[in-house]
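Here is the structure we will look at.
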2 protein chains.
Amino acid sequence: MKSRENLIPVYYRLAEDIKQQIEAGELKDGELLPTEAQLGEKYGISRMTVRQGIALLAEAGLIDTIKGKGSFVTRPRLNQLIIDLKNSGVNDEQLRYKLLSVNLIRNNLKLASELGFTGQSSVITVKRLLFKGAQPVAIEEKFLRYQKGKPLLETQLEYADFPELVAKHQESVPVRNDTVISVAALLPEQARLLEADEVLPALVIKQVIYAKGDNPLGVSIMICHKDRFELKATSYPLSGRL
Amino acid sequence: MKSRENLIPVYYRLAEDIKQQIEAGELKDGELLPTEAQLGEKYGISRMTVRQGIALLAEAGLIDTIKGKGSFVTRPRLNQLIIDLKNSGVNDEQLRYKLLSVNLIRNNLKLASELGFTGQSSVITVKRLLFKGAQPVAIEEKFLRYQKGKPLLETQLEYADFPELVAKHQESVPVRNDTVISVAALLPEQARLLEADEVLPALVIKQVIYAKGDNPLGVSIMICHKDRFELKATSYPLSGRL
DNA sequence: GAGTGGTCTAGACCACTCG
DNA sequence: GAGTGGTCTAGACCACTCG
């Protein structure tokens with residue numbers, strides 16, 4: 001079936017077909033798919049092409065393939081949620097930024113080691129206020145390993161998201177972002193900045209960016225106004241090709 | 001290079017090689033990789049095998065491939081974080097569960113429509129208390145579309161995670177989980193259950209499980225004690241094959 | 001028109017699983 | 001030993017990009 005006629009690749013159509021069957025409940029959780037050879041036969045395509053479709057389904061979490069046995073229908077991984085910090089409240093396009101302060105703190109081993117910056121005693125701090133419309137929604141404080149000869153541009157300070165900022169200021173390549181989400185009470189000064197009652201709690205998002213080998217390159221702490229900010233996450237793959 | 005000698009597939013070694021070069025900064029952000037033909041030449045392997053390696057790198061977010069142009073080094077997507085609800089505080093293995101109540105609420109169109117359960121007026125509610133050791137850490141309340149002839153087993157009610165529970169009780173196949181994370185004050189009864197001061201705020205995790213076509217099948221609301229619970233997320237692919 | 005990645009084929013050998 | 005998926009090849013034609 002050389003279906004170049006209609007531009008949609010055959011392996012993709014095979015994957016879609018099977019996806020439909022799974023979502024319609026025709027192929028149930030745990031059930032075994034036909035073998036690759038059988039699917040090739042059925043669709044009139046070669047085995048490598050079948051495998052391309054199967055790979056797509058596996059990537060989407062719809063099947064598990066076990067060598068020597070076959071491909072089994074499985075429930076999608078609904079417990080694995082994706083937060084896109086660029087589109088879920090944080091770093092939203094609707095947000096405006098106001099730069100509060102930038103400091104280079106030299107020779108403060110205590111601070112550097114608290115942040116996990118080994119072999120380092122100078123730290124850059126950047127503080128911004130995030131607005132949605134006229135309302136302040138979050139305070140963001142960033143701590144960067146100081147890197148000689150890599151000055152930060154004003155535009156970066158104001159507009160770059162955190163991983164991007166770290167990338168620009170570092171020789172080392174950032175490879176991982178570990179984040180913790182928790183709740184804390186606002187400090188008086190934070191409450192003032194956020195124009196909130198002092199008693200209000202806040203959503204706290206703490207990001208740590210690492211280079212290869214678990215070396216922290218930067219730490220970001222966002223203090224978010226509880227009524228003006230929430231985090232959205234979804235199980236649906238953002239880069240989903242199916 | 002038929003390197004079956006050492007069990008590690010050639011395409012995998014190619015991908016690892018390039019990954020190392022990217023993480024070491026030898027291949028910088030935006031740089032163009034050699035063409036597939038050149039890589040095939042260099043490693044002495046066929047183009048399809050090169051493509052297998054390239055696909056792995058693309059999946060890990062280390063390169064972007066553009067048809068007709070080539071493959072470009074790109075920063076990994078550090079803004080896309082994965083929360084694994086099974087290993088990040090929620091549904092943790094260390095957690096114990098106490099079933100508080102199970103109810104079938106019949107003929108309550110208002111509740112059903114609030115939950116988004118269309119064409120439906122009966123709702124099952126399940127309330128559990130989660131413990132870490134002897135300490136209550138969260139209250140979990142679930143609302144399920146009632147499905148005739150699909151009784152819930154006691155063991156499921158106590159141990160199943162939410163997507164699993166929905167899957168067991170529904171004919172429809174769950175395909176998506178949309179979650180919102182926010183902050184709210186504890187109600188007096190909730191504070192009592194969590195053995196907390198009434199004034200305490202709480203982390204709120206609201207999950208909605210959908211079938212195909214944006215039909216909600218179930219809603220779960222977790223009210224988490226702020227000092228005993230935090231959510232962890234990471235950019236590192238959990239199913240990372242590289 | 002030359003170069004690139006995207007799709008696809010028809011074969012091959014392998015390691016693994018299962019009865 | 002029969003069946004399965006995993007790896008790999010050496011070819012082909014295509015659509016796209018760029019000068």
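It should be emphasised that the depicted structure is a prediction, and the values quoted were computed from it without experimental measurement. Letters go in sequence order (proteins before strands), and every chain restarts at 1.
Between A:Tyr97 and A:Tyr159, the ring planes are perpendicular. Angles over 60° get that label, and only those under 30° would be called parallel.
For A:Gln147 (side chain) and A:Glu171 (main-chain N/O), a donor-acceptor pair under 3.5 Å exists by modelled atom type. With hydrogens and angles disregarded, no donor-acceptor distance shorter than 3.5 Å links the side chain of B:Arg128 to the backbone of B:Ala138.
To the nearest angstrom, C1' of D:dT17 lies 13 Å from CG of B:Leu32. A:Asp64 places its CG atom 14 Å from the C1' atom of D:dG5, with the value rounded to the nearest Å. What separates CZ of A:Arg51 from P of D:dC8 is a distance of 11 Å, to the nearest Å. Between the C1' atom of D:dG5 and the CD atom of A:Gln52 lies a distance of 16 Å, rounded to the nearest Å. For the pair A:Glu41 CD and C:dA10 P, the interatomic distance rounds to 12 Å; values are reported in whole Å. Nucleotide C:dT4 holds its P atom 13 Å from the CG atom of B:Leu33, rounded to whole Å. A:Arg241 has its CZ atom 12 Å from the C1' atom of C:dG6, to the nearest Å. Between B:Leu56 atom CG and D:dG6 atom P the separation is 14 Å, expressed in whole Å.
Distance from the side chain of B:Glu36 is smallest for C:dG5 among the nucleotides C:dT17, C:dG5, D:dT9. Of all nucleotides listed (D:dT7, C:dC8, C:dG5), C:dG5 comes nearest to the side chain of B:Thr65. Nearest to the side-chain atoms of B:Met48 among the listed nucleotides C:dG6, D:dG11, C:dA10 stands D:dG11. Ranking C:dC8, C:dC18, D:dC18 by closeness to the A:Lys69 side chain, first place goes to C:dC18. With distances taken from any side-chain atom of B:Thr35 to the nucleotides C:dT7, D:dC8, C:dT4, the minimum falls on C:dT4.
In this structure, B:Tyr11 reaches the D:dT7 phosphate: one of its side-chain N or O atoms is under 4.0 Å from OP1 or OP2. The phosphate of C:dC8 has neither OP1 nor OP2 within less than 4.0 Å of any side-chain N or O from A:Thr49.
Using a 3.5 Å distance cut-off with no hydrogens or angles, the side chains of A:Gln207 and A:Lys142 do not pair a donor with an acceptor.
Pairing for C:dC16 is with D:dG3, a Watson-Crick or G-U wobble pair whose two hydrogen-bonding atom distances lie under 3.5 Å.
Toward the 5' end of DNA chain D, the nearer of the two residues A:Gln38 and B:Arg47, judged by each one's closest nucleotide, is A:Gln38. Each of A:Tyr12 and A:Ile66 has a nearest nucleotide on DNA chain C; the 5'-most of these lies closest to A:Tyr12. In terms of position on DNA chain C, the residue among A:Val50 and A:Lys67 whose nearest nucleotide sits closer to the 5' end is A:Val50.
Here B:Asp214 pairs with B:Arg176 in a salt bridge; the nearest charged N to carboxylate O distance falls below 4.0 Å.
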